[in-house]
Amino acid sequence: MEYFSTRNKELKVSSSQAILQGMSRDGGLFVPISLPLIEDLDPLMDMDYREMALFILEKFFPQLGNKNLKEAVNRAYDTKFTNEKIVDLKTIMGVNFLELFHGPTLAFKDMALSILPHLLKFSKAIEGIDKEIVILTATSGDTGKAALEGFAHVEGIKIIVFFPEKGVSKVQQLQMITQEGENTFVVGIKGNFDHAQSGVKAIFNDENFKEELKKDNYILSSANSINIGRLIPQIVYYFYSYCQLVKRQEIIKGEKINIVVPTGNFGNILAAYYGKHMGLPVNKLISASNNNNVLTEFFNKGKYDRRRELILTSSPSMDILISSNLERLLFQLTGEDEELVKDKMKELSEKGYYETVELDTSEFYSNYADEEDVNRSIRDVFMEGDYLIDPHTAVAYSVYKKYKEDTKDETKTIIASTASPFKFGKKVASSIGIDIRGKDEFFILEELSKKTGISIPENIKSLKDKPIVHKNISTKENMKNMIKGFLRVGDIYG
Ligand SMILES: *Cc1c(COP(=O)(O)O)cnc(C)c1O
């Protein structure tokens, strides 16, 4: 199994190199040269989550070896997940909510970021690298904490997280700035997520800066969802939940299902797309956006246009104008046309948009939900289904309802439920009629808990009393200096 760049198919690397580099040197993203096929689902039916993860990861990362992968899986999916099944599938009003938020940070990013540090560690050993790895990450909220949680205290690795100072929820912010671990560094960026992300991308493309770090024995790597080591573990839960539906006799083996994913950087839904092309029986992949509906336009109008103001919504992890992983889909949908991908990405960065009229995107349905849709969805699901969903999941639910209205399709459906409702307490509470005016976030969570009978997750409760350890604020322009300061490299530190 080898990987090549979406912008140059000659540029081939092994799985461990792809994991270590995060992003290809030519600015492209690594994709598997071919997807492994799972023709028979029978052997998967009785696997638990860890067994299935090992089964799938071995197909993509054979170079890492069975023993290492087994250790990685066992360390990742252990008791830090509060649900022993790791992911849960709840059928509410005929729809299947795939709960991906039982990890340490209560969002689906834990699914991949709890295993990535181990994949990196083993890749580093296989490649014989003695330098210290510096993980550089921009986050729209959930990635940051999940990465910090995964990498904190891991030897030989440091982690630096940039988040938009005003673009994350209170709980998300507290989760990050209270992070412990000598090897962690958290910085608030003046600006939005795209500023933070494009700043990080520019640093990855700055050869001089990377040389400077190298002299001090540091190499950069990424934990963002562009890293193939994050993407692949996300395929597992789609196969796992499909098998659950078969076992519960909700569907018969081979029956196609729809998968709805609240989408931001296009990583989670791309994993579902990969799953489909590996043999998972899928009817439609439903991409749900919030008011930042760039992707809806891409699928419905054949145009990707980031020339607009980013809108801050109640689903901050999807407040994104540049969905990085879409480059991988573009590569696939154009029949692996590296030149076209290169041109389109150049247009996107220079002109702010590109057109793709000739693409066949019929595997997908795409739509978006505004704040009123989100409020209504949270309320409806609570009132009618006695089930609490977070704003990201509400975006997905709302778009699913629009899909059903548009198509009358009755195919059994899985909705990726990506965060605990307690991570976004204010919005969830107000949607179900709790008066939140002038109330403190933690007080609101108590009220939410009282009204719904669901207890506040321990990892959120404990935030209240944790000391704030990261107080750094920076402009986008000053990010490199912040990094040098933390690593103590460069002129000022001699
Ligand atoms: C990151 C995130 C998303 C978006 O996932 P992508 O893989 O970036 O498309 C949706 N919901 C939550 C809660 C997230 O943290």
Side-chain angles (χ1 to χ4, degrees), residues 29 87 97-114 116 137-149 161 163-164 167-169 171-172 175-176 193-194 196-197 222-228 230-235 237-238 259-275 285-290 292-296 298-299 313-329 364 366 368-369 374 378 389-399 415-425 427-428:
L29 306 184
V87 299
F97 288 88
L98 171 58
E99 295 184 348
L100 302 171
F101 54 78
H102 296 295
T105 75
L106 304 152
F108 99 96
K109 304 257 181 340
D110 288 326
M111 298 308 302
L113 281 165
S114 53
L116 181 66
T137 283
T139 181
S140 56
D142 290 326
T143 302
K145 178 60 181 179
L148 288 163
E149 199 58 45
V161 170
F163 72 93
V168 300
S169 84
V171 166
Q172 285 179 318
Q175 281 186 319
M176 289 190 273
F193 171 66
D194 280 321
Q197 171 156 271
S222 153
N224 268 17
S225 62
I226 51 175
N227 192 314
I228 197 75
R230 269 191 63 184
L231 204 51
I232 303 304
Q234 294 177 352
I235 298 172
Y237 44 76
Y238 292 114
I259 298 177
V260 193
V261 184
T263 296
N265 227 352
F266 210 74
N268 202 2
I269 193 162
L270 186 71
Y273 172 84
Y274 281 173
L285 294 160
I286 300 173
S287 170
S289 297
N290 63 21
N292 298 292
N293 56 0
V294 208
L295 285 168
T296 310
F298 172 83
F299 285 111
T313 72
S314 61
S315 44
S317 302
M318 295 154 67
D319 289 346
I320 287 171
L321 293 181
I322 303 169
S323 292
S324 304
N325 272 302
L326 192 66
E327 178 169 343
R328 288 185 164 115
L329 182 71
F364 290 85
S366 177
Y368 73 101
V374 170
I378 295 174
I389 55 175
D390 95 292
H392 302 78
T393 309
V395 167
Y397 180 78
S398 172
V399 166
I415 294 181
S417 179
T418 50
S420 159
F422 284 88
K423 237 183 146 170
F424 303 92
K427 177 72 172 183
V428 174

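Because the structure is a prediction, the values reported are computed rather than measured. First listed ligand is number 1; within each ligand, the first listed atom is number 1.
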Item checked: Nearest-contact summary for atom 14 (C) of ligand 1 - protein heavy atom, Å -> Lys109 NZ, 2.8 Å
Notebook entry, point to check: Which residue owns the protein heavy atom closest to atom 7 (O) of ligand 1, what's the atom, and how far is it?
Noted result: Asn268 N, 2.8 Å
Item checked: Trace of the side chain to side chain donor-acceptor pair (under 3.5 Å) decision for Ser222 with Asn227 -> CA-CA 6 Å; Ser222 153; Asn227 192 314; 5.1 Å; no
Next item on the list: Give the single entry among Ser417, Ser287, Pro262, Ala416 that approaches atom 10 (C) of ligand 1 most closely by any heavy atom.
Entry: Pro262
Next item on the list: Out of Gly264, Ala271, Ser289, Ser323, indicate the one that has the non-hydrogen atom closest to atom 9 (O) of ligand 1.
Entry: Gly264
Next item on the list: Give the contacting part of Phe266 toward ligand 1: side chain, backbone, both or neither, where contact means a heavy-atom distance below 4.0 Å.
Entry: backbone
Next item on the list: Side-chain contact test, heavy atoms from C-beta onward, threshold under 4.5 Å: evaluate it for Tyr397 versus Ile389 and give yes or no.
Entry: yes
Checklist line | Lys109 and Arg230, any side-chain heavy atoms less than 4.5 Å apart | finding: yes
Next item on the list: Answer yes or no: does atom OH of Tyr368 have more than 12 heavy-atom neighbours from other residues, nucleotides or ligands under 6.0 Å?
Entry: no
Item checked: Pairing residues for Asp194 by the side chain to side chain donor-acceptor pair (under 3.5 Å) criterion, not counting sequence neighbours -> none
Next item on the list: Could I get the full list of side chain to side chain donor-acceptor pair (under 3.5 Å) partners for Tyr237, not counting sequence neighbours?
Entry: Asn268
Any N or O on [X] sitting closer than 3.5 Å to an N or O of ligand 1?
{"X": "Asp390", "value": "no"}
{"X": "Asn265", "value": "yes"}
{"X": "Thr418", "value": "yes"}
{"X": "Gly267", "value": "yes"}
{"X": "Phe108", "value": "no"}

Check: Numbering the atoms of ligand 1 from 1, which are under 4.0 Å from a heavy atom of Thr263?
Finding: 9 (O)
Note to self: Out of all atoms in ligand 1, which are within 4.0 Å of some heavy atom of Ala419? Include the element for each.
What the structure shows: 13 (C)
Margin query: Are His392 and Phe108 an aromatic pair, judged by ring center distance below 6.0 Å?
Written below: no
Note to self: Between Phe163 and Phe193 (judged by ring centroids, cut-off 6.0 Å), do the two rings come close enough to count as a pair?
What the structure shows: no
